[in-house]
Colleague: 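Encoded as C-alpha cells, here's the structure I'll be asking about.
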Amino acid sequence: MARILITSALPYINGIKHLGNLVGSQLPADLYARYCRARGHEVMFICATDEHGTPAELAAAKADRPVAEYCAEMHETQAALARGFGLSFDHFGRSSSMRNQALTQHLAVKLYDAGLIEEVREKQVYSPGDGRFLPDRYIEGTCPNCGYERARGDQCEECTKQLDPTDLINPRSAISGATDLEVRETRHLYLRQSKLRDRLDRWIDSQKGWPVLTTSIAKKWLHDGDGLQDRGITRDLDWGVPVQFDGAPWSGMEGKVFYVWFDAPIEYIAATAEWADALGHDEAAWRRWWRTDEGADDVRYVQFMGKDNVPFHTLSFPATLMGSAEPWKLVDYIKSFNYLNYDGGQFSTSQGRGVFMDQALEILPADYWRWWLLSHAPENSDSEFTWENFQTSVNKDLADVLGNFVSRVTKFCRSKFGEVVPEGGEWGARETQLIEDLTQGLDSYQTVMDGMMVRRSAQDLRALWVLGNEYLQEAAPWASFKTAPETAAMQIRLALNLIRLYAIISQPFIPDASARMMQALGCDDWAWPGAAGDALQALPPGHAFTVPDVLFAKITDEQREAWQAQFSGQRGG
RNA sequence: GGGCCUGUAGCUCAAUUGGUUAGAGCAGAGCGCUCAUAACGCUUUGGUUGGGGGUUCGAGUCCCUCCGGGCCUACCA
C-alpha cells in the first residue's frame with residue numbers, strides 16, 4: 001500500500017467548463033484516484049476552483065455581481081457538476097480561501113528571505129474609464145504590421161506578429177472600448193526564476209518517463225533564448241491575495257494582489273489544509289502529504305493537466321517551492337493532455353461552442369460521458385468529439401458489450417433457476433481457459449492503469465468484457481440446460497460472478513453503472529480481484545440477486561440528430 | 001519568425017522504441033447462435049504507413065526535403 005497524492009489542474013471560475021476542460025485534467029485524475037483507492041492505496045485527491053485574476057472580475061461585472069459573491073456561487077455550481085460527473089475529490093477547495101491567502105503570503109516571504117524576490121518598476125497601460133490597468137490582451141487596436149483592426153496588445157492574431165501594446169495604432173480597451181488609455185508607472189514583485197534555472201533543469205532531467213509533451217515544453221522555456229525569465233508575480237487588481245500584509249518585508253504594495261498563477265498552484269497545498277479543516281483534523285493531517293520532513297517523503301505525487309498548464313507546473317510552481325528553502329513535496333509525475341476538439345473546431349468557453357458540463361448531464365448520465373471521454377482521451381495528439389462517434393462508441397461498448405452481457409446472464413438465470421445463484425456442476429476446460437484469459441487481461445489492465453495510459457486502459461477493459469460474451473457463446477448454457485442442467489448452473493454461476501468482477505474493475509470508468517451492478521447482485525464486497533479463479537467464487541450458490549434495469553439505454557438516431565442540431569449553434573441559443 | 005507535436009485501413013487509434021507477414025475497434029461482406037438491449041460469437045474484404053530522397057542486412061520507427069493538421073512562444077488562465 002502506497003500513499004498517493006493526486007491533483008487536477010484547477011478549473012477557472014469564470015463559467016461552466018466544457019467537456020474539453022473535463023477530459024484534460026479532472027476526469028483522468030478521477031480515473032486514477034478511483035483506481036488507486038480500489039487497489040487499496042491511501043489516496044488524497046485534491047482540486048479547487050481558481051478564482052483570481054482579471055477574467056473573474058470581468059465575468060462578475062458582466063453578471064452584475066460583486067466578484068466575491070459571483071465566485072462563491074460559481075464555486076457551488078462547479079462543485080455540483082463535479083459531483084454529477086462522479087469526480088471523487090477528497091476536497092474541492094477555493095483558491096480564494098484564507099488558507100491559500102496565508103500560505104501564498106508565507107511562501108512569498110520565504111522567497112524574499114532567500115533573495116528570490118525583487119521589485120521592478122515598469123510602465124503599464126491604464127484605462128481611467130475602466131478604472132484598472134489592462135493586461136496586454138485586453139488592449140485592442142490596429143496592427144502596425146498588417147493593418148488588422150482587432151489585433152491584441154500581445155500579438156496580432158491575423159499576422160501572428162508579436163506586439164507591445166504601445167505598438168498598436170488607435171489602441172482601445174477591449175473591455176469598454178475606451179480610447180483614453182494612458183501609460184502609468186507601477187511597481188511589481190518579480191520571482192527571480194532565472195536564479196533557479198540550473199536547479200530546475202537538473203530536477204527535470206532527473207525525472208523518468210515523463211510524457212514528451214511535458215518535458216519538451218519545460219526544456220523550451222529553460223533554454224530558449226536567454227533561458228528562463230524572471231516573472232512578475234503581482235498585479236494591480238482588487239480581487240486576489242493582498243501583497244501588502246502584516247509581516248510583509250516590502251512596503252508600498254497596497255492595492256496590489258498576487259498574480260493568479262502564483263497563488264493558484266499553492267492552492268493544491270492550501271486545499272489539503274482546507275480538507276483537514278473541514279473534517280476537524282489537526283495540522284499534521286495535511287502536512288503529512290506535503291512536508292517531506294513531516295511524513296511526505298513516501299508520498300507519490302501525480303499531477304493531471306492540459307498542455308497549456310505545463311510551464312507553470314514544471315517551472316513556476318517548483319521554483320516557488322524549491323526557492324522557499326522549505327521541504328515541500330515536489331511533483332513526481334506530470335500527466336499532460338492535448339486538446340479535445342468539437343466537431344471540426346475547438347471547444348470554446350468564450351464563444352459557447354461545444355458541449356458544456358451542465359448540458360451534458362441534462363442529456364445523458366455521467367457514465368456515458370466518462371466512458372467516451374476517457375476512451376478517447378487526447379493523450380498523443382488532439383482528438384475530436386463527433387456525435388456519430390459518441391453514439392456508436394457508447395452503444396457498442398456500453399450497451400451491447402457490457403450492458404447486454406449483464407442482461408442476458410441475469411435474465412437467463414431468472415427464467416431457468418430463479419433470482420438466486422444456482423448450485424451444482426464443476427468447472428471444466430472452458431472455465432479454466434476463461435480464467436487464464438482473465439488473468440492475462442487483468443494483468444495487462446493493471447499495468448496500463450498503473451502507467452496512467454488512459455485510452456489503452458479503456459481498450460483493455462473492453463477486451464475483458466468481450467471475454468464474457470465469448471465464454472457464453474461457447475459454453476451455451478441455453479443448450480446445456482436441456483441435457484445437463486447442473487452444467488448450465490455452473491456456467492451461469494460463473495457468469496454471475498463475472499458480472500461482479502466487471503463491476504469492480506469497471507468502477508474507475510463508470511462508477512454509477514458499477515454500483516447498480518453490485519446492487520443488483522446484492523453484493524457489497526468490492527475487493528479488487530487477486531487470483532481470477534478466487535474472485536469468481538465470491539457469490540456462492542444460493543445467493544439472491546435481482547435482474548437490474550437496462551444498464552445503458554442506447555442512443556437513438558433521432559436523439560443524436562436532435563443533439564447535433566441543438567449544439568450546432570451557440571450556447572444559450 | 002522560432003520551438004515542439006502530428007500525418008498509418010472509409011472512420012477512431014495501435015505497433016514492445018531499428019527487427020521478420022503493419023494490428024485492434026467501428027463501418028462493409030459472409031456464416032453461426034437464439035439466453036440477451038435486433039443483442040452475442042466466428043470468418044473475411046480493406047494499407048506503396050502524406051510525397052520524394054538518404055542511412056542500414058533490415059525503416060511506420062533514424063536523417064534530409066517538400067506538403068497538410070495542431071500547439072506553445074512567458075501580461076488570458
Colleague: With nearest nucleotides of RNA chain B determined for A:Tyr190 and A:Lys411 from heavy-atom distances, which residue corresponds to the more 5′ nucleotide?
Modeller: A:Lys411
Colleague: Hey, does A:Ser415 reach any base, or is it just sugar-phosphate, or nothing, if we go heavy atoms under 4.0 Å?
Modeller: nothing
Colleague: By the 4.0 Å heavy-atom rule, please label A:Val310 as base, sugar-phosphate, or nothing.
Modeller: nothing
Colleague: Between B:C26, B:U12, B:A77, spot the one nearest the side chain of A:Lys396, thanks.
Modeller: B:C26
Colleague: Measure from the side-chain heavy atoms of A:Ser407 and tell me the nearest of B:C26, B:A36, B:G41.
Modeller: B:A36
Colleague: Reading RNA chain B from 5' onward, which residue's closest nucleotide shows up sooner: A:Asp397 or A:Phe412?
Modeller: A:Asp397
Colleague: Base, sugar-phosphate alone, or nothing: which one does A:Tyr339 contact when heavy atoms must sit under 4.0 Å apart?
Modeller: sugar-phosphate
Colleague: Contact class for A:Phe133 vs. all strands (heavy atom < 4.0 Å): base, sugar-phosphate, or nothing?
Modeller: nothing
Colleague: Check the distance between B:C75's P and A:Phe262's CZ and give it to me in whole angstrom.
Modeller: 15 Å
Colleague: Could you please name the option among B:A39, B:U12, B:C26 that lies closest to any side-chain atom of A:Asp400?
Modeller: B:A39
Colleague: What integer distance in Å separates A:Trp465:CH2 from B:U37:C1'?
Modeller: 15 Å
Colleague: CZ of A:Arg430 versus P of B:G41: gap in Å, rounded?
Modeller: 12 Å
Colleague: Given B:C35, B:U37, B:C76, identify the nucleotide with an atom nearest to the side chain of A:Pro135.
Modeller: B:C76
Colleague: Is the glycosidic angle of B:U56 within 90° of 0, making it syn, or outside that range, making it anti?
Modeller: anti
Colleague: Looking only at the side chain of A:Leu472 (C-beta and beyond, no hydrogens), which of the listed nucleotides B:U37, B:C35, B:C26 gets closest?
Modeller: B:C35
Colleague: Taking atom P of B:A74 as reference, at what distance in whole Å does atom CD of A:Gln229 sit?
Modeller: 10 Å
Colleague: Checking only heavy atoms, does the side chain of A:Gln124 share a donor-acceptor pair with the base of B:C75 at less than 3.5 Å?
Modeller: yes
Colleague: Is there side-chain contact between A:Phe258 and A:His52, with at least one heavy-atom pair below 4.5 Å?
Modeller: no
Colleague: What is the nucleic acid contact for A:Asn404, judged by heavy atoms within less than 4.0 Å: base, sugar-phosphate only, or nothing?
Modeller: base
Colleague: Do A:Gln207 and A:Thr215 have a side chain donor and acceptor closer than 3.5 Å?
Modeller: no
Colleague: I want to check something: taking the side chain as every heavy atom from C-beta on, are A:Trp221 and A:Gln229 in contact at a cut-off of under 4.5 Å?
Modeller: no
Colleague: Among B:A39, B:A36, B:C72, which nucleotide has an atom closest to any side-chain atom of A:Lys554?
Modeller: B:A39
Colleague: Of the options B:C33, B:C75, B:C13, whose atoms approach the side-chain atoms of A:Arg235 most closely?
Modeller: B:C75
Colleague: Do A:Trp239 and A:Tyr70 pair up side chain to side chain, a donor and an acceptor below 3.5 Å, judged on atom types alone?
Modeller: no
Colleague: How far does the C1' atom of B:C13 sit from the matching atom of B:G7, given to the nearest Å?
Modeller: 13 Å
Colleague: Given the ring of A:Phe481, does A:Lys416 sit roughly above its face, with NZ or CZ under 6.0 Å from the centre of the six-membered ring and within 45° of the axis?
Modeller: yes
Colleague: Measure from the side-chain N and O atoms of A:Thr392 to the backbone N and O of A:Asn389, and report whether any donor-acceptor pair falls under 3.5 Å.
Modeller: yes
